[in-house]
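Numbered from 1 within each chain, the chains take letters A, B, ... in sequence-line order.
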Number of protein chains: 2
Amino acid sequence: MRSDAKKNYDLLLEIGREVVAEQGTEASLRDVARRAGVGIGTLYRHFPTREALLEAVLREGFDQVTVRAAELEKSGSADEALVSWLRDMVALTHRHRGLIASMTAAIADEDSALHASCVMLRGSGARLLARAQEKGRARRDIDGTDLLALVSALAWLNDQPSFAARVDHLLDVIANAVLAVPGRAEV
Amino acid sequence: MRSDAKKNYDLLLEIGREVVAEQGTEASLRDVARRAGVGIGTLYRHFPTREALLEAVLREGFDQVTVRAAELEKSGSADEALVSWLRDMVALTHRHRGLIASMTAAIADEDSALHASCVMLRGSGARLLARAQEKGRARRDIDGTDLLALVSALAWLNDQPSFAARVDHLLDVIANAVLAVPGRAEV
DNA sequence: ACCTGAACACCGTTCAAGT
DNA sequence: ACCTGAACACCGTTCAAGT
């Protein structure tokens, strides 16, 4: 990459971070280019799709959760680890309005620049769930996709001003549902 | 209302129904006017906001669920009634893509033409929940807003192609969580 | 009283022309 | 190799001018 191009790439990423933080994942791409003082075509050259820009903006956050999840897999308590992952996912998606909708769309679209990251995250959750199930700490009739659906639903609620305040409580309710197995006491 | 105006109103409502069914609640209003063969200003005259059009389109559906809920309040089993209401709400919102997002926004916006309907629906659910709680059939640490949040989350999952197939199952999981009270057997 | 559609201020996306 | 921005095809919304 030519050094002037590299400069534009870095600038667009920085401004992209800013604008997505303000306006969410449906932010105006024109606005990103405008604020970066760059032609709209330059933005499209470096980030051919909205998802490509989002992927670059969210790269670090995805990686952090993935690393955390790998640690959680080795932790002592399989059920606590699972609940921690739920909280991590809700916190991650809460950083940007609309992110959970973008991620949910990306799971169904193999061509999306966000697809691989979302599949990874689903895998992390699935492993934590499987471990909890093996240890008899989680109900066995749900799988990794169900778990992702539940955490996505909570993340979506977190995006809605009328429900955001309830999410902590509802996460407990849902965590209890996932962890409820016959013979286990109510938390 | 003049008879020519009445004609336009009815036509716009009919076409509105059609277009919202096809494109969801974020449908192009221009497209509605175009298909109705009417100036865009005429649409805005009869339906000053998108929500006003949606309210007219959804009026019947809202009323049906409200009537059903009133019947459910008198039914024998408080917990089964509550689960039936959850299913009714998910079915109602599933009829139009984006509807749950519109309704969730309307709950927070007193000026929305959808506000009153959404508050009514929340009230129906809250009464069914309260009854189940009084009979010791539902956990006591959630209220009507929590219940609406949970059913809205399920409705949102139903709007996502990657999760829609799981919603029946996840409704069971969540219903179990709501109905789970100490001393109650797993279903 | 009601209808019309141009006008305004935005989008996303592409691509010919420039450096 | 890269950048630019006009061009195209859309929006939502308002409002002066017409019937």
Side-chain angles (χ1 to χ4, degrees), chain A residues 1-57 96-99 101-102 105-106 109 111-114, chain B residues 1-57 96-99 101-102 105-106 109 111-114:
Chain A
M1 183 147 52
R2 240 162 57 176
S3 78
D4 57 340
K6 165 86 173 135
K7 217 170 176 179
N8 275 337
Y9 178 92
D10 291 342
L11 180 61
L12 282 165
L13 181 51
E14 183 192 329
I15 304 290
R17 224 179 275 282
E18 206 175 285
V19 173
V20 170
E22 281 172 30
Q23 306 179 19
T25 60
E26 298 305 314
S28 162
L29 297 180
R30 269 188 130 93
D31 201 26
V32 174
R34 208 156 34 214
R35 287 205 213 176
V38 133
I40 181 70
T42 303
L43 185 149
Y44 275 91
R45 160 166 271 262
H46 288 295
F47 302 103
T49 62
R50 176 182 295 274
E51 286 70 31
L53 176 59
L54 291 177
E55 206 277 334
V57 166
H96 304 284
R97 202 166 3 121
L99 176 53
S102 300
D109 176 11
D111 296 335
S112 167
L114 288 171
Chain B
M1 181 147 51
R2 241 162 54 177
S3 79
D4 57 339
K6 164 86 173 135
K7 217 169 173 180
N8 275 337
Y9 178 92
D10 292 343
L11 180 60
L12 281 165
L13 181 52
E14 185 193 329
I15 305 289
R17 224 180 275 284
E18 206 174 286
V19 174
V20 171
E22 282 173 28
Q23 305 178 20
T25 60
E26 298 305 312
S28 161
L29 298 180
R30 270 189 130 94
D31 199 28
V32 174
R34 208 157 32 213
R35 286 204 214 179
V38 133
I40 182 71
T42 303
L43 185 148
Y44 274 91
R45 161 166 270 262
H46 288 295
F47 303 101
T49 62
R50 177 181 295 275
E51 286 71 31
L53 177 59
L54 290 177
E55 206 277 334
V57 165
H96 304 285
R97 201 164 5 120
L99 176 52
S102 302
D109 176 10
D111 295 334
S112 167
L114 288 171

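- Not a single side-chain contact (heavy atoms from CB on, under 4.5 Å) links B:A105 to another residue, sequence neighbours left out.
- With sequence neighbours excluded, the residues that form a salt bridge (charged side-chain N to carboxylate O under 4.0 Å, His left out) with A:E55 are A:R59.
- With sequence neighbours excluded, no residue satisfies side chain to side chain donor-acceptor pair (under 3.5 Å) with A:E26.
- Applying the ring pair (Phe, Tyr, Trp, His ring centres under 6.0 Å) test to every pair with at least one member in residues 4-42 of chain B, sequence neighbours left out, gives these pairs: B:Y9-B:H46, B:Y9-B:F47.
- Residues that satisfy the side chain to side chain donor-acceptor pair (under 3.5 Å) test with B:T25, not counting sequence neighbours, are B:S102.
- Judged as a side chain to side chain donor-acceptor pair (under 3.5 Å), and not counting sequence neighbours, A:D109 has no contacts.
- By the salt bridge (charged side-chain N to carboxylate O under 4.0 Å, His left out) test, B:K7 is found to be paired with no residue, residues two or more places apart in sequence or in another chain being considered.
- C:dC10 atom P lies 12 Å from atom CD of A:Q23, rounded to whole Å.
- Note on residues 38-49 of chain A: no pairs pass salt bridge (charged side-chain N to carboxylate O under 4.0 Å, His left out), not counting sequence neighbours.
- Scanning DNA chain D for stems, defined as runs of 3 or more consecutive Watson-Crick or G-U wobble pairs whose donor-acceptor distances all fall under 3.5 Å, gives the following ranges: C:4-8 with D:12-16, C:12-16 with D:4-8.
- Across A:L11 and A:A36, no two heavy atoms sit closer than the pair CD2-O, 3.3 Å.
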In a table with atom names and distances, give each donor-acceptor pair under 3.5 Å that connects a side chain of residues 12-22 of chain B to protein atoms at least two apart or in another chain.
unit_1: B:R17; atom_1: NH1; unit_2: B:V57; atom_2: O; d: 3.1
unit_1: B:E22; atom_1: OE1; unit_2: B:R35; atom_2: NH1; d: 3.4
unit_1: B:E22; atom_1: OE1; unit_2: B:R35; atom_2: NH2; d: 2.8
unit_1: B:E22; atom_1: OE2; unit_2: B:R35; atom_2: NH1; d: 3.1

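- Using a 4.0 Å cut-off on heavy atoms, the residues of residues 24-35 of chain B that approach DNA chain D are B:A27, B:S28, B:L29, B:R30, B:R34, listed by number.
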Polar pairs (N or O, both sides) under 3.5 Å between protein and nucleotides 1-5 of chain C?
unit_1: C:dA1; atom_1: N3; unit_2: B:R2; atom_2: NH1; d: 3.1
unit_1: C:dC2; atom_1: OP1; unit_2: B:R2; atom_2: N; d: 3.2
unit_1: C:dC2; atom_1: OP2; unit_2: B:R45; atom_2: NH1; d: 3.3
unit_1: C:dC3; atom_1: OP1; unit_2: B:N8; atom_2: ND2; d: 2.3
unit_1: C:dC3; atom_1: OP2; unit_2: B:H46; atom_2: NE2; d: 3.2
unit_1: C:dT4; atom_1: OP2; unit_2: B:G39; atom_2: N; d: 2.9
unit_1: C:dT4; atom_1: OP2; unit_2: B:T42; atom_2: OG1; d: 2.8
unit_1: C:dG5; atom_1: O6; unit_2: B:G41; atom_2: N; d: 3.3

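- If you measure from atom CG of B:L53 to atom C1' of D:dG12, you get 14 Å, rounded to the nearest angstrom.
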